[in-house]
Student: 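A single structure is presented below for examination.
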Amino acid sequence: MRALLIALLPGAALAGDPVFLDRSSALPVEHIYGGGWEHFVGGGVAVFDCDGDALPDIFAAGGENPVTLLRNTTPPGGDLTFAQGDFPGLTDVTGAYPLDIDSDGHLDLAVLRVGPNKLYRGGPDCSFTDATAAWGLVPDNRWTTAFSATWEPGQDMPTLAFGNYVDRTDPDGPFQACDAHQIYRPEGARYGPPLDLTPGYCALSLLFSDWSRRGRADLRLSNDRHYYVRGGAEQMWRPDQNRFLGPEDGWEKLSIWGMGIASRDLNEDGLPDIVLTSMGDQILQHGTGTGFVTLPYSAGATAHRPHVGDDGRPSTGWHAAFGDVDNDRLPDLFIAKGNVDQMPGNAMADPNNLLVLTPEGRFVEVGATAGIATTDRSRGAALADLNADGRLDLVVVNRRAPMELWQNATETGHGWAAIELRQPGANPRAVGAWVELRTPDGLTYTQERTVGGGHAGGSALPLYFGLESYGSAEARVIWPDGATSGWLPIAANRTTTITRTTTAPQN
């Protein structure tokens with residue numbers, strides 16, 4: 001096991017830093033997340049392949065502006081290009097998450113709104129049909145800002161969690177007026193009445209994850225102290241017991257201006273570690289299996305002030321995403337930054353962060369040298385290989401400024417492997433599975449297939465691993481029900497599909 005924090009390194013740029021090229025001009029439309037107070041938060045982006053061509057497409061929330069669906073027309077390995085897709089001109093959207101709700105092989109969309117949320121059934125060629133009523137989602141007028149989903153044992157459809165922000169109908173609000181959340185569980189081929197999850201503390205990110213590796217996912221809620229003010233905290237809800245965890249479970253109280261969650265095993269112990277974005281410090285926590293330990297400033301991930309410019313006020317973090325942008329086997333971290341609006345106590349010129357993880361276990365900032373340290377009010381984002389060249393590209397949604405598109409042009413000579421999962425029946429993409437990838441030197445890297453986290457948006461893509469100089473590896477899958485595959489050979493520089501019904505991967 002590699003220690004997550006071994007030694008301190010200077011914050012200077014490293015040799016071989018990542019490089020990104022601005023391809024925003026390749027977008028066919030200028031997409032802006034706009035609106036007033038109810039769209040200070042949100043602005044998520046969903047990245048997923050909706051037409052089966054193995055190139056990720058983009059669905060971006062617009063707030064008061066219509067959503068934008070962008071179909072990927074990039075030639076494999078080429079410069080990024082997109083065409084505008086066909087989607088109803090839906091407004092008041094804060095975010096969206098892709099998942100296969102009905103297990104028909106097409107990715108659907110859970111769309112979060114200020115107002116009635118929507119479920120869209122995906123079909124061939126990026127077609128979408130409103131299935132909100134057919135699937136039993138109750139129309140209401142809440143302000144939804146977070147989402148996650150998991151398959152509970154024996155269910156054909158996923159359990160859906162919608163996280164809500166301030167209760168706009170509370171005459172004594174907005175402070176101390178946080179709304180309850182909603183849990184939808186399936187009843188046959190549709191959803192039953194929602195369970196209200198209380199108390200609610202203005203959640204801006206939710207994530208179902210098997211953080212304790214007990215074989216069942218729990219729901220982490222990251223909550224905004226700005227509106228719950230006092231008495232609230234971060235939360236963990238256990239679905240099979242219908243209760244929040246407390247000190248007797250090892251759950252320690254933590255009160256922050258919670259905005260986003262990113263999860264990844266950083267130290268090869270098989271347990272998820274997390275970053276929580278906030279106003280001020282970003283919180284890096286090491287999972288122990290019985291709880292979480294907050295790592296100190298010296299771990300390099302607090303990203304608490306702008307790293308370029310002369311604005312020394314605290315930063316405001318939103319979407320966080322782990323991904324190996326230089327394919328050196330170590331997960332790096334992108335954090336979208338931006339003032340809520342005109343909060344004078346926080347930085348206005350707040351550059352986005354790209355933090356690379358060093359072999360010594362410390363994150364080092366390279367956003368400026370990589371070229372992505374823009375200072376608009378960023379919100380949602382995604383790291384994804386958009387042109388199938390084995391390098392993770394970047395899309396960023398901004399509030400009151402155009403969306404950004406960045407092509408990874410890092411030259412390292414390092415290899416990569418992307419692993420897709422398939423199983424028959426319900427939950428065909430194996431949400432809740434764990435993939436372990438073992439390199440020839442005996443180190444094992446672990447990723448969990450989840451739906452949720454980030455800030456108001458997520459991806460449904462193959463699990464991506466950097467391989468450094470290795471030309472091959474081995475992988476095994478712990479499927480959602482706990483069954484474990486044998487070790488299977490994985491070739492470098494390609495996407496490999498592992499199916500539950502085969503003993504060898506399909507390239």
Side-chain angles (χ1 to χ4, degrees), residues 46-57 72 74 76-77 97-108 122-126 149-151 158 264-265 322-324 327 329 331 382-393 414-440 444-451 458-467 470-507:
V47 179
F48 61 113
D49 179 11
C50 60
D51 54 13
D53 65 355
L55 292 172
D57 308 294
N72 196 333
T74 306
Y97 288 81
L99 73 164
D100 190 352
I101 294 173
D102 57 358
S103 298
D104 68 349
H106 298 291
L107 285 166
D108 312 306
D125 203 30
C126 293
T150 189
W151 265 261
R264 186 74 174 258
D265 176 15
F322 286 112
D324 188 353
N327 290 338
R329 296 195 281 171
L383 287 169
D385 184 1
L386 298 174
N387 62 350
D389 70 348
R391 292 175 287 190
L392 293 176
D393 309 299
H414 292 162
W416 56 277
I419 297 177
E420 190 65 277
L421 302 178
R422 292 291 186 272
Q423 63 178 1
N427 189 14
R429 294 173 185 262
V431 173
W434 293 82
V435 173
E436 298 178 344
L437 184 134
R438 186 169 64 190
T439 54
T444 300
Y445 302 86
T446 305
Q447 292 192 53
E448 182 185 14
R449 167 63 76 197
T450 60
V451 177
S459 302
L461 300 170
L463 298 177
Y464 183 93
F465 297 84
L467 289 181
Y470 291 111
S472 64
E474 295 178 304
R476 71 175 180 180
V477 182
I478 297 92
W479 297 97
D481 64 359
T484 303
S485 74
W487 288 100
L488 306 170
I490 300 294
N493 303 327
R494 67 184 65 184
T495 298
T496 299
T497 299
I498 300 177
T499 66
R500 185 120 183 211
T501 55
T502 60
T503 57
Q506 299 173 353
N507 296 321

Student: Mind checking what makes salt bridge (charged side-chain N to carboxylate O under 4.0 Å, His left out) contact with Asp104, not counting sequence neighbours?
Tutor: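 Partners of Asp104 under the salt bridge (charged side-chain N to carboxylate O under 4.0 Å, His left out) test: none.
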
Student: Can you pull out every salt bridge (charged side-chain N to carboxylate O under 4.0 Å, His left out) where at least one residue sits in residues 470-480? Sequence neighbours excluded, please.
Tutor: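 Qualifying pairs, neighbours excluded: Glu436-Arg476, Arg438-Glu474.
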
Student: Heavy-atom distance under 4.5 Å between the side chains of His414 and Arg391, does that happen here?
Tutor: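 Heavy-atom side-chain distance check fails, nothing below 4.5 Å.
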
Student: What is the distance from atom CG of Leu461 to atom CD of Glu420, rounded to the nearest 0.5 Å?
Tutor: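 Here the rounded value is 8.0 Å.
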
Student: Restricting to side chain to side chain contact (heavy atoms under 4.5 Å, CB included), what partner residues turn up for Ala54, sequence neighbours left out?
Tutor: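 In terms of side chain to side chain contact (heavy atoms under 4.5 Å, CB included), with neighbours along the sequence ignored, Ala54 is linked to no residue.
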
Student: Quick check for you: to the nearest 0.5 Å, what is the distance between Cys50 atom SG and His106 atom NE2?
Tutor: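 The distance works out to 11.0 Å.
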
Student: Side-chain contact test, heavy atoms from C-beta onward, threshold under 4.5 Å: evaluate it for Val435 versus Arg449 and give yes or no.
Tutor: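 Of all side-chain heavy-atom pairs linking Arg449 with Val435, none is under 4.5 Å.
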
Student: Could you list all the side-chain hydrogen bond (donor to acceptor under 3.5 Å, both in side chains) pairs where at least one residue sits in residues 47-57, not counting sequence neighbours?
Tutor: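 Of all non-adjacent pairs touching residues 47-57, those that pass side-chain hydrogen bond (donor to acceptor under 3.5 Å, both in side chains) are Asp51-Arg71.
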
Student: Please name the pair of heavy atoms, one in Ser103 and one in Pro428, separated by the smallest distance, quoted to 0.1 Å.
Tutor: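 Heavy atoms only, the tightest pair is OG-CD, 3.3 Å.
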
Student: Mind checking whether Leu99 and Val431 have side chains closer than 4.5 Å, heavy atoms only?
Tutor: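 No, too far: nothing below the 4.5 Å cut-off.
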
Student: Which pair of non-hydrogen atoms, one from Arg329 and one from Asp324, has the smallest distance, and what is that distance?
Tutor: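 Heavy-atom minimum between the residues: N-OD2, 2.7 Å.
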
Student: Find out whether Tyr97 and Leu107 are in side-chain contact, i.e. whether some heavy atom of one side chain is under 4.5 Å from a heavy atom of the other.
Tutor: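 Contact flag for Tyr97/Leu107 side chains = no.
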
Student: Should Trp434 and Val477 count as side-chain neighbours, where that means a heavy-atom distance under 4.5 Å?
Tutor: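 The answer is no; the side chains never approach within 4.5 Å.
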
Student: Asn427 versus Trp479: any side-chain heavy-atom pair under 4.5 Å?
Tutor: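 No. Closest side-chain heavy atoms not under 4.5 Å.
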
Student: Are any non-hydrogen side-chain atoms of Asp385 and Asp393 less than 4.5 angstrom apart?
Tutor: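 Heavy-atom side-chain distance check passes, below 4.5 Å.
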
Student: Could you tell me which residues satisfy side chain to side chain donor-acceptor pair (under 3.5 Å) with Thr74, sequence neighbours excluded, listed by chain and number?
Tutor: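 Applying side chain to side chain donor-acceptor pair (under 3.5 Å) to Thr74 gives Asn72.
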
Student: What pairs with Arg429 under side chain to side chain donor-acceptor pair (under 3.5 Å), at least two apart in sequence or on another chain?
Tutor: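 Residues passing side chain to side chain donor-acceptor pair (under 3.5 Å) with Arg429: none at all.
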
Student: Quick check: do Tyr464 and Asn327 have side-chain heavy atoms less than 4.5 Å from each other?
Tutor: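 Yes, close enough: below the 4.5 Å cut-off.
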
